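Just so you know, these numbers use all the heavy atoms, side chains as well, and skip hydrogens, waters and symmetry mates. Given the structure is predicted, the values throughout are model-derived calculations rather than measurements. In what follows, chains are A, B, ... by sequence order, proteins preceding strands, each numbered from 1.
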Amino acid sequence: MDEEQKKAKTPKKLNPKRTPAREQDPGTRKKNFEEVSFGYGLEEALLEAARCLGCKNRPCVAGCPVGVPIPEFIAAMVNGDLAEAYRIIRSANVLPAVCGRVCPQENQCEGVCTLGKKHEPVAIGRLERFCADWQRKNGVQAKPEPAAPTGMKVAVVGSGPSGITCAYDLARLGHEVTVFEALHEPGGVLFYGIPEFRLPKKIVTGEIDTLRQMGVRIMTNSVAGKLITLDEMMKEFDACFIGVGAGLPRFMGIPGEDLNGVYSANEFLTRTNLMRAYKFPEYDTPIKTGKRVAVIGGGNVAMDSARTAMRLGAEEVTLVYRRSEAELPARAEEVHHGKEEGLRFEMCTLPTKIIGRDGWVKGIECVRMELCEVDQSGRRRPNPLAGSEFEIPVDTVIMAIGTGANPLLTGTATGLALRRGYIEADPETGKTSIPGVYAGGDIVTGAATVISAMGAGRKAARAIHEYLSSRKR
Amino acid sequence: MHRILEKKLLRPPDVFFFKVSAPLVAAKAKAGQFVIIRLHEKGERIPLSLAGIDPSAGTISLIVMAVGKTTGEMAALEEGGAIKDVCGPLGNPTHTENAGKVILAGGGFGIAPLYPIGKAFREAGSSVVSVMGARSKSLLIYENEMRGISDKVLITTDDGSAGMKGIITDALKAELEASGADTVMAVGPAPMMKAVCDATKPFGVRTIVSLNAIMIDGTGMCGGCRVHVGGQTKFACIDGPDFDGHLVDWDCLINRQRMYKTEEKESFEAWKKRHNLP
């Protein structure tokens, strides 16, 4: 490459900072459930796309759990072919509009971006979201043409990220797919868990509609393990994928957790998102927030709960986390947004008791923690500091300290190997101890991300296809 | 959508019987289990005990007392109408293997879910004594049904208008003193179940109760239905709904049941006002 060409390829002035995305003003948005970020407009998107170096080693692709060809889709954007950019993303990712919004990009594609070594990395998530939203608004829905019917029937249990991805891939390969969903609305955690202000529900229902258009049958109100056991499923279907999520909320085991005003994050978010309690009494499901709320935990679910409480009218919301801010497992953007909205942080703090009066929460007793040597998780282990006890007066406590394995389906499955309630499955194929039964997502790994569950759903679909093809012959 | 095939006023003015088409649920459901229903797009999810299961007809029976907005709306539905969502069967079936002599204690419309339970006990070879209580004769429900599946029926009314004058625990204690029992099963409002457990405790007889906690999903996901049993936290939806009544922390359950009293009243009053109801 001569000097002339090099000059033409490199933008004259590379902006070290990423193009900002417009957002609702914090003071306004903390009072509504509309989406926080407006996303990029066309001009902003093209400006940001131009920052991609198109480097040879493409670390971003390896950093993506489903291997989206990131430099290719960005190049298509730069060339002005947005439909092609969308097509490239969609070839690897069934839910781009979802992932562009909820993926922890800073730990994945953007975390390893070459540009990020010296400057701010390319805002890959925002570009992905832009392409997906553009397609929804302007594009002809590229309904994928399924292969010729194979005559094989596959059951998919759960319609969350892993189930949707697995069902989509299997349908595309020509298999007849039936999805069993326990709730009245499909989407799993995308519907009941992630709030409207971070992931509008119309995006989730849009993706579910695409699945239906491909001939996938979705049975709502169908609790696998109760309405149909795994053994019965395997008699009716040629193969099965289990993607039920973890879904058994944990409590701390401290006094006062049964008081009125104590919620699991699952319940708090389900009432709000699935049941639309924020529109009570127009919608019938109530929710109680009170004036002061404490959220225990430091992950995305904790951030979602805290910011939801704020939008439900709480005056003071405190995030109580036992390690320091540096260890917060939540997505950086959510922490940033939460702070902008006035969320209080009580770091290095452990609740020891919930105080009640007449059956209702009145406060939490806490102790400060000091961070000691690094533990197995690679983070510094917190230890209580003697004499540091203090009280936070609150009306509501939300426990967002993780989930355990739900036994509803696994308890009815003869011969399904489990480890501490989670399904034992091959990480590369999702293969379980029962021939023809595959599993992926949180019920295998424990609570993780949307994108890792999608990756597991995709791998399992490939393995199920191979399994069915070999059986056919 | 689940069609309402039959509706009748069981006990004036507000207790209704519904027979609902739900073939998949009916094929699987066992005595002691429940369903969660949602009436319409903006509706809440409420758990209802199964008061009848007919797998061959593909129907389930539900009893509803119109005490709030959702139950009021359901009471206003007619035959030929439909319920948007019926999810189930949920919870564990009652252990109805041959349990020797079983006394069923039903309070209020809690008598209705005891009908399939008593039927299953009888089919398994148990002898069944039913003890039913109400304030007065006109408020008794399911009397004929319970007579059909019981070896003996004892009725108590507060005013003595039917059976023995007194409350349900009087008749229960008398029966236990006279001939004992191997198992007592109680279904009804929490204070009634608590009273039954207090009454049976001195006799040392195993007492099973079916707990009616507030729920959303019914699959263990929300944890809203947590109850305290024997010093442990249990989820009524997946660990229950049946528990050893002598181990239940009743004050905790009764307290948790009133969590949304204010909102329930607000919602009910607004609905009644919209429909010009008293």
Do the non-hydrogen side-chain atoms of [X] and [Y] ever get within less than 4.5 Å of each other?
X        : Y        : result
A/Lys288 : A/Val361 : no
A/Val157 : A/Cys240 : yes
B/Trp250 : B/Cys197 : yes
B/Asp239 : B/Val229 : no

Side chain, backbone, both or neither: which part of [X] has a non-hydrogen atom closer than 4.5 Å to chain B?
X        : result
A/Glu282 : both
A/Glu181 : neither
A/Leu269 : neither
A/Phe268 : neither

Tell me, side chain or backbone of [X] under 4.5 Å from chain A's heavy atoms, or both, or neither?
X        : result
B/Ile214 : side chain
B/Ile216 : side chain
B/Thr70  : side chain
B/Lys42  : both

Reported CG-to-SG distance for the pair B/Asp217 and B/Cys237, which is rounded to 0.5 angstrom: 6.0 Å
Any donor-acceptor N/O pair, A/Tyr278 side chain to A/Thr308 backbone, under 3.5 Å: no
Walk me through whether B/Asn212 and B/Met193 qualify under side chain to side chain contact (heavy atoms under 4.5 Å, CB included). CA-CA 11 Å; B/Asn212 43 352; B/Met193 290 191 282; 3.8 Å; yes
Of all the residues in residues 216-225 of chain A, which have a heavy atom that comes within less than 4.5 Å of a heavy atom in chain B? A/Met219, A/Asn221, A/Val223
Anything in residues 402-412 of chain A with a heavy-atom distance to chain B below 4.5 Å? Please list those residues in order. A/Asn406, A/Pro407, A/Leu408
Under the side chain to side chain contact (heavy atoms under 4.5 Å, CB included) test, which residues partner A/Thr352, sequence neighbours left out? A/Glu365, A/Val367
Pairs of heavy atoms under 4.5 Å with chain A: top-ranked of [options]:
options                              : result
B/Glu44, B/Arg38, B/Glu41, B/Met221  : B/Met221
B/Gly218, B/Gly43, B/Cys252          : B/Gly43
B/Glu266, B/Arg45, B/His228, B/His40 : B/Arg45

So which residue, [options], ends up with the most heavy-atom pairs under 4.5 Å with chain B?
options                                : result
A/Ile228, A/Leu259, A/Val262           : A/Val262
A/Gly359, A/Pro249, A/Pro281, A/Gly247 : A/Pro249
A/Asn266, A/Leu248, A/Thr270, A/Leu227 : A/Leu227

Considering residues, nucleotides and ligands other than [X], do more than 12 of their heavy atoms fall under 6.0 Å from its [atom1]?
X        : atom1 : answer
A/Arg420 : CZ    : no
B/Lys7   : NZ    : yes
B/Lys272 : NZ    : yes
B/His95  : NE2   : no
B/Lys30  : NZ    : no

Derivation and outcome, side chain to side chain donor-acceptor pair (under 3.5 Å), residues B/Ser56 and B/Asp54: CA-CA 6 Å; B/Ser56 57; B/Asp54 189 342; 2.9 Å; yes
Can you tell me if A/Thr229 and A/Glu232 form a side-chain donor-acceptor pair at under 3.5 Å? yes
Would you call the rings of B/Phe268 and B/Trp271 parallel, tilted or perpendicular if under 30° counts as parallel and over 60° as perpendicular? parallel
Go through it in stages, so that I can follow the logic: the residues are B/Ile83 and B/Phe18, the test is side chain to side chain contact (heavy atoms under 4.5 Å, CB included), and I'd like the CA-CA distance, side-chain angles, deciding distance and then a yes or no. CA-CA 11 Å; B/Ile83 296 171; B/Phe18 290 89; 5.7 Å; no
Between A/Arg271 and A/Glu267, does at least one N-O distance fall below 4.0 Å, as a salt bridge requires? yes
Test side chain to side chain contact (heavy atoms under 4.5 Å, CB included) applied to B/Met259 and B/Glu264, step by step: CA-CA 9 Å; B/Met259 172 120 180; B/Glu264 282 161 7; over 6 Å; no
Please determine which of A/Lys279, A/Lys201, A/Arg276 meets the salt bridge (charged side-chain N to carboxylate O under 4.0 Å, His left out) test together with A/Glu196. A/Arg276
For chain A, find its close neighbours in residues 84-91 of chain B: heavy-atom separation under 4.5 Å, sorted by number, or none. B/Asp85, B/Val86, B/Cys87, B/Gly88, B/Pro89, B/Leu90, B/Gly91
